[in-house]
Amino acid sequence: MKRNLLSGTIILLALVWCNMALAATVDTVVTRSKAMKKDIKAVVIKPASYDANQKFPTLYLLHGAGGKYSEWVSKTPDRETVKRLADLYNMVVVCPDGGVTSWYFDAPEDPNYRYETYVAGELVDYIDSHYATIKDRSGRAITGLSMGGHGGLYLGFRHQDVFGACGSMSGGVDIRPFPENWEIARRLGKYSEHPERWEANTVINLTHLLTPNRLAIVIDCGYSDFFYKVNVDLHNKLVDRNVAHDFMVRPGGHTWEYWGNAIAYQMLFFSNYFAKRK
């Protein structure tokens with residue numbers, strides 16, 4: 001009896017050790033933005049299969065307004081969600097700090113907010129020079145939640161030479177209905193004074209940049225989300241323009257419970273995209 005118990009304990013400990021040994025690892029790195037003249041932190045999640053002698057696809061995963069770089073590994077209901085998905089799909093996941101309310105623009109009102117230049121240029125260069133990544137648009141995707149959902153599509157649409165796929169979860173894909181919210185006016189100026197900036201920097205007005213089948217696109221929003229209508233409007237516009245995309249709506253609101261679920265669908269979508277490009 002004791003021998004059986006001891007054997008069972010050894011097997012259990014071995015399984016636990018294997019699971020620990022095969023778990024994704026999380027780096028917190030400090031990157032330099034020359035455009036903004038400051039250091040910026042990012043979380044980099046490496047899958048258990050990571051090997052410096054191989055090349056891995058990369059997902060850039062953006063936070064929302066009021067958030068920061070560490071939230072995707074600290075605020076999902078299951079803190080291990082993104083790490084497990086990185087393991088499952090063998091991809092590097094990069095979670096940059098996008099400023100509290102940058103909206104991932106190069107802000108005309110504030111030279112300290114040049115997060116388009118940082119994320120789509122400086123950060124990508126840093127990651128490609130420090131990690132074993134596929135250094136081509138075919139190996140890069142970008143998505144995020146809320147403000148980061150806007151950023152995922154905004155940067156994806158505007159930098160198709162950098163990203164081959166992009167997405168949004170509960171994204172603020174049309175900022176114009178919200179002229180007083182989330183400090184957008186501090187980045188673009190007041191809507192009443194600079195309407196042209198708002199028109200030029202809202203995702204729903206950037207569909208003219210898209211060539212059908214050039215960019216893999218996935219959009220996800222809950223029925224109860226305050227951004228639901230603008231996401232449906234973007235979906236309808238993409239349909240009218242004959243731009244292929246996946247559009248998912250499910251019960252849920254603007255919450256971490258929703259995003260913790262949505263990221264699984266998004267990473268499956270990106271994994272399928274990466275597999276087709278091999």
Side-chain angles (χ1 to χ4, degrees), residues 57-62 91 94 96 98 102-106 108 115-121 123-124 134-178 184 187-188 195-221 225 227-249 262-263 265-278:
T58 309
L59 171 63
Y60 290 82
L61 184 56
L62 309 179
M91 66 176 74
V94 180
S102 74
W103 286 84
Y104 302 95
F105 303 128
D106 280 354
Y115 282 88
E116 178 180 5
T117 294
Y118 169 66
V119 175
L123 179 63
V124 169
I134 298 170
K135 298 171 177 57
D136 181 80
R137 68 182 298 275
S138 64
R140 298 193 199 99
I142 186 167
T143 190
L145 67 87
S146 193
M147 177 184 81
H150 169 276
L153 296 181
Y154 181 85
L155 297 177
F157 288 12
R158 287 171 60 88
H159 297 275
Q160 294 172 59
D161 58 326
V162 178
F163 304 105
C166 63
S168 170
M169 291 167 277
S170 309
V173 297
D174 189 352
I175 59 175
R176 296 170 302 174
F178 309 98
I184 305 172
R187 313 295 162 231
L188 297 177
E196 74 287 351
R197 293 177 180 173
W198 289 68
E199 296 293 333
N201 288 285
T202 191
V203 166
I204 201 168
N205 281 352
L206 300 179
T207 59
H208 65 281
L209 300 176
L210 300 173
T211 300
N213 302 315
R214 167 71 171 167
L215 192 64
I217 303 168
V218 58
I219 301 168
D220 191 312
C221 194
D225 200 295
F227 283 141
Y228 175 72
K229 182 182 182 302
V230 295
N231 277 267
V232 172
D233 290 344
L234 175 60
H235 161 63
N236 290 333
K237 189 170 183 180
L238 291 172
V239 170
D240 289 342
R241 296 289 176 87
N242 197 32
V243 176
H245 63 289
D246 279 21
F247 179 61
M248 295 177 284
V249 292
I263 188 59
Y265 293 93
Q266 296 246 328
M267 289 184 70
L268 172 60
F269 177 89
F270 295 131
S271 177
N272 288 338
Y273 165 77
F274 292 139
K276 291 175 183 177
R277 294 301 187 270
K278 286 183 179 179

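Along the sequence shown, the residues carry numbers beginning at 1. Just so it is clear, the values below take in all heavy atoms, side chains as well, and ignore hydrogens, waters and symmetry mates.
Atom NE2 of His235 is separated from atom CD1 of Ile219 by 8.5 Å, given to the nearest 0.5 angstrom. Taken from OH in Tyr154 to CD1 in Ile142, the straight-line distance is 12.0 Å, to the nearest 0.5 Å. Taking CE from Met91 and CZ from Phe270, the interatomic distance works out to 8.5 Å, rounded to the nearest 0.5 Å. Atom CZ of Arg214 sits about 7.5 Å away from atom CG of Asp161, to the nearest 0.5 Å. For the atom pair CG (Leu210) and CZ (Arg158), the distance works out to 12.5 Å, reported to the nearest 0.5 Å. Taking CZ of Arg241 as the start and NE2 of His208 as the end, the distance is 8.5 Å to the nearest 0.5 Å.
The two residues Met147 and Trp103 come nearest to each other via the heavy atoms SD-N, 3.2 Å. Considering every non-hydrogen atom in both Ala262 and Asp220, the closest pair reads CB-OD2, 3.8 Å. Closest approach of Arg140 and Val162 over heavy atoms only: NH1-O, 2.9 Å. Between Thr143 and Ser168 the shortest heavy-atom distance is OG1-N, 3.2 Å. For Asn213 against Ala244, the heavy-atom pair with the smallest separation is OD1-CB, 4.0 Å. Of all the heavy atoms in Leu155 and Ala120, the pair that sits closest is CD2-CB, 4.5 Å.
Every residue was checked against the salt bridge (Lys or Arg N to Asp or Glu O under 4.0 Å) condition with Asp246, not counting sequence neighbours, and none meets it. The salt bridge (Lys or Arg N to Asp or Glu O under 4.0 Å) test applied to Arg137 returns no partner, not counting sequence neighbours.
In this structure, Asp240 and Thr207 have side chains that are not in contact, with every pair of non-hydrogen atoms separated by 4.5 Å or more. Residues Leu145 and Ser170 have side chains not in contact (no heavy-atom distance under 4.5 Å, counting atoms from C-beta outward). The closest side-chain heavy-atom distance from Tyr60 to Leu123 is below 4.5 Å. Between Gln160 and Cys166 the shortest side-chain heavy-atom distance does not fall below 4.5 Å. Counting only heavy atoms from C-beta outward, the side chains of Phe105 and Ile184 approach each other to under 4.5 Å. Using a 4.5 Å cut-off on side-chain heavy atoms (C-beta onward), His150 and Ile175 make contact. Counting heavy atoms from C-beta on, the side chains of Phe227 and Val173 never come closer than 4.5 Å. Here the side chains of Ile204 and Val230 are not in contact, with every heavy-atom distance at 4.5 Å or above.
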Show your working on side-chain contact (heavy atoms from CB on, under 4.5 Å) between Ile217 and Phe157 and close with a plain yes or no. CA-CA 9 Å; Ile217 303 168; Phe157 288 12; 3.9 Å; yes
Kindly determine whether Tyr265 and Met169 satisfy side-chain contact (heavy atoms from CB on, under 4.5 Å), including the steps that lead there. CA-CA 10 Å; Tyr265 293 93; Met169 291 167 277; over 6 Å; no
Does the pair Lys237 and Asp233 meet the rule for a salt bridge (charged side-chain N to carboxylate O under 4.0 Å, His left out), with working shown? CA-CA 6 Å; Lys237 189 170 183 180; Asp233 290 344; over 6 Å; no
Val239 vs His245, side-chain contact (heavy atoms from CB on, under 4.5 Å): CA-CA, chis, key distance, verdict: CA-CA 8 Å; Val239 170; His245 63 289; 3.9 Å; yes
Given side-chain contact (heavy atoms from CB on, under 4.5 Å), test Val243 with Leu215 step by step and report yes or no. CA-CA 9 Å; Val243 176; Leu215 192 64; over 6 Å; no
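Between Asp174 and the options Asn231, Asn205, Thr202, a side-chain hydrogen bond (donor to acceptor under 3.5 Å, both in side chains) holds for only Thr202.
If you look at His159 and Phe163, their ring centroids are not closer than 6.0 Å.
A donor-acceptor pair under 3.5 Å is absent between the side-chain atoms of Asn242 and the main chain of Pro212, judged by distance alone.
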